Amino acid sequence: MNILNRLRRAFADAAPEGLSADAFSQAVRPSTDPRFGDYQANGCMAAAKALGRNPRELAAEVASRVDLSPMAGPPEVAGPGFLNVRLIEDWIAAALGDLLADDRLGVEPVDDPETIIIDYSSPNVAKPMHVGHIRSTVIGESLSRILAAQGHKVIRDNHLGDWGLQFGQILWGWKHHLDRDAFERDPVGELARLYRLAAAKMKPAEDLGPRLAKVQALESQGKPDEAAALFARLFGDSGLSRPQAEAAVAEALAVAEAAREETAKLHAGDPENRKLWERFMPHCLEALEGIYQRLGVKFDVQLGESFYDAMLPEVVADLKAKGIAQTSAGATVVFTEATSAPMIVQKRDGAFTYATSDLAKIKYCEEEFDADRLLYVVDSRQADHFKQVFDVARSWGYSSVDFEHVAFGTILGRDRKPFKTRSGDVVGLESLLDEAVAKAREVVDENSAHLPEQERARIAEVVGIGAVKYADLSQNRLSDYVFDLDKMVAMNGNTATYLQYAYARTRSIFRKGETTPEAIRRARPPIFITHPAERALGLALLRLPETLDVAAAELKPNVLTDYLFGLANLFSSFFEECPVLKAESPERRDSRLALCDLTGRTLAFGLDLLGIEVVERM
RNA sequence: GCGCCCGUAGCUCAGCCGGAUAGAGCAGCGGUCUUCUAAACCGCCGGUCGCAGGUUCGAAUCCUGCCGGGCGCGCCA
């Protein structure tokens, strides 16, 4: 049952003549302030303007015509022409009674379920995951759960980066710097070390190369003095002499070239590289699996770029045959209106790009799953790439699929610059989780020393991981944000811990009262709304469905966290102000127990949609 | 140069397909545990919504310009 939708239908029926009933009803929304009732219809001002009428008169007319029974009486005209709706307590109480018997807490499946593929997480398997990877994973997982709860068929897809240059880098490292003992002890750690080593060696090419090129350009123009001055300015902070800088760049370029060659050999089917790749992969996947298990993330499809590799020549050939792709400067490219630069589907050296791989994946997904929507939960910096891919996919024939880049903002460091994984200065995802769990453990030990060791450990894990996820999910996904470890592991204020704590309190009261939520649900006691805190809490409980609608429509988990935080807040106030077990009568007691059960279930349900667990006590 | 995004309280952020007096958390200050979990509750302090125009009955929200910051832009993924 969705209150907002019911009100909208009622107002649509009462819309002034000569007006779009739809637009009029869309102007119904939750009130911004309790003094203006519970919901408000704001369409009369604009309607009056369009019809050349007095807005207050028109509002009064609509108010007398609209039938909101049994939810509310006639709305009240206020201000310049607002219509304020105040729900009737008896109706709220009755609706809560129905909710008590409803396992789905009022959430109804959508009328037209879709098949939705969500591409998220998608890490490079060879690199250890760091804090930058958490957003896609956590947001994608939550969106999957939200859409599935709405009755859609959701396919969770982890498009692994298992075929790119990073393997060339590892292969190069393996052949030149392998520590066999280290690999035996900790394969993933050693592979990561080799990757970082290669990346570090290649870095001067990016950092110093362009600067050096500018200096050399001046020299070739016959301006040695200016070149020397520029060199001093550009390289002063590096402490490198001219020959050192040239040597560093030259070495970096050599390593980069070598890594590219290793990659090319792998792609070309070189037996040695292929064998090594097959040897590395299980270790990489196992390490990933460990993290996903800890995060409670599970994919339906986990196919990497290597899987699509075989399809790529076909994709390019088909694009060419259909006149979509063309040859330009030795590469095969597609010009699109999406961006000024064309999209490269095959490089001059014959290698394919991740754009080609994305196209192959679209083809595969359409043939395999016949998806209605394809969502990509990926960093907003790749917006142009997806614009191109979607554009090309549509002209390629996949025009009935709804593509969407579910972008999210960049994680910034304390200096407000994008969080980079500088070698040696990486906040690994694992260590972030460990730190959060350790902090939670301290708090548990302090507050709940009486609980058994094993239970405290379990609570710390649930609370710590929940804190990290919530810190990310409660943010508007589009905003960049400053990574702050203290905030990520905080357990006061608007945090998962606060919600988990509220949940634990709803459960604790049943233990104390020597009854169970199940017993209350079976008994279905009448609900009484007598106290303002009960009314506010009760109304919030009825608003889960409309909240989920918004979160799903905007693909924004923070809509849900806001709602849950508000709900927990209202519960905490209710808990302070309304005695439950010591209520004035058994009827009141049972009514309040029912509110506790509904709150607990709603919190647990909502947190589950965020991928966050709860504990029975903490 | 072209394109995209962002400037809201001391800090971190909600609110942004127009609605009434702009919200939260943290930080600060002050109250509340012999009574259902104080990981909590209640109160106070705190904002020319970057600046200037425009559209509108109504602008943090839409449009234009400017200032400040970030990102992307043919062979990395």
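Below, all heavy atoms of this structure are taken into account, side chains as well, without hydrogens, waters or symmetry copies. What you see is a predicted model; the values in this text were computed from it and never measured. Per chain, numbering begins at 1; letters A, B, ... match sequence-line order.
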Residue A/Asp384, side-chain atoms from C-beta onward, closest of B/rA39, B/rG15, B/rG72: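 Of all the options, the side chain of A/Asp384 is nearest to B/rG72.
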Given B/rG74, B/rG70, B/rA14, the nucleotide with the shortest approach to the side chain of A/Ile344: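 So the nucleotide nearest the side chain must be B/rG74.
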Cation-pi check, A/Arg588 onto A/Phe528 ring (under 6.0 Å, within 45° of axis):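 Yes, a cation-pi geometry holds between A/Arg588 and A/Phe528.
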A/Arg543 NZ/CZ over A/Tyr39 ring centroid, <6.0 Å and within 45° of normal: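 Output yes; distance and angle both within limits.
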Taking distance alone, no hydrogens or angles, what donor-acceptor pairs closer than 3.5 Å link side-chain atoms of residues 343-352 of chain A to residues at least two apart or in another chain?
from, atom 1, to, atom 2, distance (Å)
A/Gln346, NE2, A/Gly350, O, 2.9
A/Asp349, OD1, A/Ala351, N, 2.9

Aromatic stack A/Phe82/B/rG19: centroid gap under 5.5 Å, interplanar angle under 30°: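 No, aromatic ring not over the base.
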Along RNA chain B (nearest heavy atom to each residue), the more 5'-positioned of A/His385 and A/Arg35: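 Taking each residue's closest nucleotide, the earlier one in sequence belongs to A/Arg35.
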Strand partner of B/rG58, provided both Watson-Crick or wobble distances fall under 3.5 Å: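 Base-paired to nothing in any strand shown.
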Near-ring test A/Tyr498/A/Phe565, centroid separation under 6.0 angstrom: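 Centroid distance A/Phe565-A/Tyr498: below 6.0 Å, so yes.
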Check: A/Tyr376 ring centroid to A/His159 ring centroid under 6.0 Å: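 A/Tyr376 vs A/His159: aromatic centres not under 6.0 Å.
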Pair of N/O donor and acceptor under 3.5 Å linking B/rA20 base with A/Gln40 side chain: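 Looking at the base of B/rA20, it does pair with a donor or acceptor on the side chain of A/Gln40 (distance under 3.5 Å).
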Any N/O donor-acceptor pair, A/Asp33 side-chain to B/rA22 base, under 3.5 Å: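 By the distance-only test, no, there is no pair.
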Base versus backbone protein contacts along nucleotides 31-38 of chain B [heavy-atom cut-off under 4.0 Å; B, S, -]: ----SBBS
Side-chain N,O (A/Tyr498) to OP1/OP2 (B/rC41) below 4.0 Å: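 Answer yes for this pair, as a side-chain N or O of A/Tyr498 is under 4.0 Å from OP1 or OP2.
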CG-CG distance between A/Asn158 and A/Asp119, expressed to the nearest 0.5 angstrom: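 That separation rounds to 7.5 Å.
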